[in-house]
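Inspection log for the structure reproduced underneath, given as structure tokens.
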Amino acid sequence: MPVKYTKSNKAKSVGIPATKRTKTGPAFVRPGPSVPAVVQPEGSYPEYDEAQFQDFKQLGETLKGEYKERDILLDEMEQYWSMIPLHPIPKDTDETAITYDTNMTNRLMGAHRLLSATEPEFSLPSDISSPEVIAIASDLERAAKMMWQASGKIKGYPQEKEAVLMALHTGQVDIALTNLMLDPLQKPRDKNGEEYENVAYWRKMAAMQSTPMLFEVWNTRQGYVLRDKFGVQAYFRYYQTTCGELKAEWEGTYIPFLQGKKPTEKIRVWDGISEKIREVWIEGDARPFYVWENTKGIVPIVSQVTEGSLLFDKRDLQARPFLYTAHKSGIPQHQSLALTAMYTIVKAIAMTAMLKHTSPQGEDLAIRINSMGPISVIEQKFGENLEFVLSKGAIDPAIPLLLQTGDQQIGESTIYAQALGEPLGASAPFSMVALLHQAGRLPLTNPKILTGWAIASAMQLGFLWLKAEGKMITLGSMGPEIKFNPSQIPANIQFNVKLDIDLPQDMREIAGAVGAFKGMVSDRWIRENLMRGVGQSESMQEEIWTEQMSNLMAQQLYQQMQLAQQQQAQAAAQAQGQAGQSGVAPIESEQPTTPPAPPEEEAPPETPEPGEAPVRPAQPYRPLR
């Protein structure tokens, strides 16, 4: 039966009134007006086109089959993040000291910390932007930064860190978008149907006021993407969950397949969207429990390969994880075996005290030791001897050599430890240290640049979605707000996102580079290419002019105040000098509140000797002002 859409059912979610829709979560995952569905009567499935659903389902299963080798690879490489070995070393005896190599984990964690040390910088380069974009570039850049930061706070973790991790771990970054403006927040109602407010309502209201668009990084292992020459054409998400978690995720939606199942029972869910339709179903169920006609033709997913190439026909070879070469070589497993062998020998031999007992020929080899409290007495016959044997050379020199070779191979396949902060030694010159810190980060160039591409593409898609909705955009719940009409957003907007590695020595080098380029290139070029966190050059130039004008006005005001104080001091000095010469005290500007006491007889002023300065009368007391 074909799907039937009416104006009324597009304002409702599956099987629930508009006042009880789910308000949070990505539009691609949970129901809501941003993904309207067919009205579903209670206790039934929604109406859908069976032939269309079968074709859509087959497309998802075909894509999953083409990504089979990739899924196996990512399952194997997950051990380097969790440190839970896929193939544990067997513990033969109690003396076996099982030890796993940490090189792969250290490389992965070090690269992740290095790339995610700073927040992404959003910019609209003036050399590739139209005049319409440049006119509102500052507001767009601020809005992009606010929406990205707010998305991280809503999700509970900075999304750029998640994106960097997926880029290194899987070689691909998938970012999902949710348009919160399409889901007006409704106040909860009590049992009498009256609206009220609570903490949950305020929390969601604050989130919607902070950003109209929610950005969320997904686990690449769960995603299967279909691309065309214009980008993502379809995306399927296949994940495992429990019946209880799925009910909570789709709260208010009736799912017939879950009836009679335990909340802890494991199930697998398919969630697919294309430019025409979105359908969600449970593996093992013949019908979808959610259907939506994608009239806007938007696939709110950005999928960016950060290491590899799309020229390969096999989809599982297109994305190349950061640790791929070292993992395929098998060196990490050999390193763990060598470490286990070495530490087992140390535990069994090198760390165990060994004694050599010598006795005359034909005598009993039994050792006689008498313990008297803390003192032990060893009884020996003539010619009998007992001495310690040091375990020199217990470890074969070949084992440390193999470990060193393996460490070198892993470093060459991933990133050198010196680039992650490992010291070279006291004798290493500073020039060598600086060179290794800079050149050692070259393996991170692709993940850094292309992860920025993914974030920029997601932000561009988000602004185009806001433009398509046509609603006034307001950002900021605390502090200055940003408001702009969506009609002002150009359709050809092109963001540039940088994930620069921020280290103290880099700042010193940048300061030197800025001084070297000063006068040779424009200030705009220096700000956009060398300096970080500057934003639009025109806006920064306006701020500089404003500060310079403020400083100039403050300096002029200060000079005027100093001049006025000097004039007042000169006038007061002249008045005092005239009063001293005439013998009359200056008239007070303020009259005392109590009547003055009768004047006392004053001695006539002394006549100064010739050549001496005249003696002035005592000055009256002046109150503090």
Side-chain angles (χ1 to χ4, degrees), residues 121 135 137-139 141-142 145-146 475-483 502 504-528 530-625:
E121 297 179 7
S138 297
D139 288 340
E141 289 175 352
R142 289 178 56 202
K145 183 176 181 180
M146 292 174 64
L475 289 91
S477 58
M478 298 180 64
E481 291 185 346
I482 300 178
K483 294 183 179 181
D502 191 7
Q505 57 266 32
D506 297 339
M507 299 302 295
R508 291 194 297 267
E509 294 176 2
I510 290 174
V514 170
F517 280 93
K518 193 69 175 178
M520 301 179 63
V521 295
S522 65
D523 291 341
R524 179 194 61 80
W525 188 93
I526 292 177
R527 295 190 186 108
E528 291 184 356
L530 298 181
M531 305 179 71
R532 300 172 182 170
V534 173
Q536 281 296 313
S537 178
E538 290 77 7
S539 300
M540 181 57 62
Q541 189 63 55
E542 292 178 0
E543 291 184 17
I544 293 174
W545 288 338
T546 302
E547 290 180 356
Q548 291 177 348
M549 184 60 66
S550 300
N551 294 335
L552 179 60
M553 295 178 62
Q555 186 177 2
Q556 292 178 351
L557 181 61
Y558 178 71
Q559 292 176 353
Q560 293 176 0
M561 293 175 61
Q562 279 188 327
L563 181 61
Q565 290 178 356
Q566 292 175 0
Q567 292 176 353
Q568 291 178 359
Q570 292 176 358
Q574 292 177 0
Q576 291 177 358
Q578 294 175 0
Q581 293 176 1
S582 61
V584 179
I587 301 175
E588 294 289 341
S589 60
E590 295 183 5
Q591 299 296 331
T593 56
T594 57
E600 297 181 356
E601 291 282 347
E602 294 185 0
E606 297 181 0
T607 304
E609 296 293 333
E612 293 182 358
V615 180
R616 296 180 180 178
Q619 297 294 315
Y621 172 76
R622 296 177 180 270
L624 296 176
R625 292 181 173 84

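Heavy-atom basis, side chains included; hydrogens, waters and symmetry copies ignored. We count residues from 1, following the sequence as given.
Applying the side chain to side chain donor-acceptor pair (under 3.5 Å) rule to pairs touching residues 555-566 yields Y558-Q562, sequence neighbours excluded.
To the nearest 0.5 Å, the span separating NZ on K145 from CD on E121 amounts to 8.0 Å. With rounding to the nearest 0.5 Å, the separation of CG in N551 from OG1 in T546 is 10.5 Å.
For R142 against I482, the heavy-atom pair with the smallest separation is CB-CD1, 3.4 Å.
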